[in-house]
Amino acid sequence: MRILIVNPNTTGSMTEKIGEAGRAAASRGTEVTAVNPAMGPESIEGYYDEAFSVPGLLEEIRRGEALGFDGYVIACFDDTGLDAARTLAAGPVLGICEAAMHAATMLGGRFSVVTTLARSVPALEGLARRYGVADRCRVRASDVPVLALEDPKSGAARKVEEEIRRAVREDGAECIVLGCAGMADLAAELSRRLGLPVIDGVAAATRMIEALVGLGLKTSKVGGYAAPLPKAYSGEFRRFAPTPCHGPADAGRPGGGRTATG
Ligand code: 5HY
C-alpha cells in the first residue's frame with residue numbers, strides 16, 4: 001500500500017524527519033511518501049498559521065488522490081484541515097493528534113500532551129474534547145518554538161524532557177504524547193530514558209492507516225465527508241474550486257513542496 005504523509009508547514013527539514021518517522025513505523029511493503037506544500041507558514045503556532053496552512057495541505061491531498069495513494073496522515077498536531085481533507089480522499093485520513101491520543105488511551109489511564117508554545121494549548125484541549133478523551137488528558141507547553149526543534153543546539157529536546165518529567169510528577173501521567181510532528185525523532189529515546197510510553201503521532205497514525213487500509217476501510221462519503229459540491233471560487237482561490245469529477249480543479253504544477261519518498 002502507499003501512504004502519503006503531509007506536513008502542512010513548509011519547512012523541508014521537518015518533512016524529511018517526519019518521512020523518516022513514518023517509514024520507520026511502516027510495515028515492509030508499505031511505501032511512505034512525505035510532502036509539504038510549497039505555500040504557507042514555515043511553522044504552525046496558533047490559529048492564524050493553522051488557517052493559512054489548510055489550502056496548501058488540501059492541494060497535496062488532491063495531488064495524492066490523482067497519484068492513487070491509499071491513505072493519508074496529516075502531520076501537524078493541530079490536525080489541521082482534517083475534515084476538509086476527508087472530503088477529498090477516498091481512503092482513510094488521520095491526524096497525528098487523533099491517532100496519538102487514542103493510542104494513549106489504550107496504554108494507560110491518564111496521559112499528558114507536551115507541545116511547543118502555550119498559544120497552541122487551547123486548540124489541543126479542544127481536540128481532546130472532540131476526541132472524547134478530555135477527562136484523561138492534560139495539555140502542557142514546553143515553551144519551545146516549533147522551528148527550535150530543527151536546531152540541535154537550541155536545547156529544545158532538553159526542555160521537552162523537563163516538561164515530560166513535570167507531567168509525570170504533577171499530572172500523574174502514565175503516558176506521554178508528543179504534541180508536535182517536529183518531535184517525532186525524540187519519542188524512542190525519551191521512552192527508554194523515562195520508562196513510560198512516549199507516543200509520536202506520526203508513527204501511530206502511519207500504522208493506524210495501514211490497519212484501516214488493510215481492513216479495506218475507506219472514508220465514508222454518505223454524510224459530512226461527501227465530495228465538495230461543484231461551484232465557482234473567485235480571486236486567489238479560483239484554482240481550488242471543486243469540479244464535478246472529484247474535488248477541486250487541477251491545482252496547478254505537479255510536485256508541490258519538498259518530497260521524501262521511501
Ligand atoms: C506541528 N505546528 O505539529 C504543530 C505543533 C504546534 O508546525 N507542526 C507545526 O505547535 O501546534
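Please read these numbers as outputs of a predicted model, since none were measured by experiment. Indexing begins at 1, ligand by ligand and atom by atom, following the structure's order. This chain uses plain numbering: 1 for the first residue, then up along the sequence.
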- Per atom 8 (N) of ligand 1, closest listed option by heavy atom (C97, C76, G40): C76
- Do the charged groups of E60 and R63 touch, with an N to O distance under 4.0 Å? yes
- Nearest heavy-atom pair of R130 and L82: which atoms, and what distance? NH2-CD2, 4.4 Å
- Taking 4.0 angstrom as the limit, do R23 and E20 come out as a salt bridge? no
- Which ligand 1 atoms, with their elements, are less than 4.0 angstrom from a heavy-atom of S120? 6 (C), 10 (O), 11 (O)
- Item | Atom indices of ligand 1 within 4.0 angstrom of T116 heavy atoms, with elements | 6 (C), 10 (O)
- Message: Between L178 and I199, does the side chain to side chain contact (heavy atoms under 4.5 Å, CB included) criterion hold? Intermediate values first, please.
- Response: CA-CA 6 Å; L178 296 178; I199 301 164; over 6 Å; no
- Task: Say whether G46 and ligand 1 are in contact under the criterion: heavy-atom distance to a ligand atom below 4.0 Å.
- Result: no
- With heavy atoms and a 4.0 Å threshold, my read on which part of N9 contacts ligand 1 is side chain
- Would you mind listing which atoms of ligand 1 come within a distance below 4.0 Å of any non-hydrogen atom of G179? 5 (C)
- Message: Can you tell me which residue among R140, R166, R110 is in a side chain to side chain donor-acceptor pair (under 3.5 Å) with D171?
- Response: R140
- Query: Going by the atom numbers of ligand 1, which of them fall below 4.0 Å from some non-hydrogen atom of S43?
  - Reply: 7 (O)
- Message: Under a 4.0 angstrom heavy-atom cut-off, which atoms of ligand 1 come close to D78?
- Response: 4 (C), 5 (C), 6 (C), 11 (O)
- Message: Regarding R192 and E189, does a basic nitrogen lie under 4.0 Å from an acidic carboxylate oxygen?
- Response: yes
- Task: Check whether any N or O atom of F77, backbone or side chain, sits under 3.5 Å from an N or O atom of ligand 1, and answer yes or no.
- Result: yes
- Message: Check the orientation of Y72 and F69. Use parallel for under 30°, tilted for 30 to 60°, and perpendicular for over 60°.
- Response: tilted
- Message: Among A181, G182, P145, A75, which one puts a heavy atom closest to atom 3 (O) of ligand 1?
- Response: A181
- Would you call E125-R129 a salt bridge at under 4.0 Å N-O? no
- Query: Nearest protein heavy atom to atom 2 (N) of ligand 1, by residue and atom, and its distance?
  - Reply: I44 O, 2.6 Å
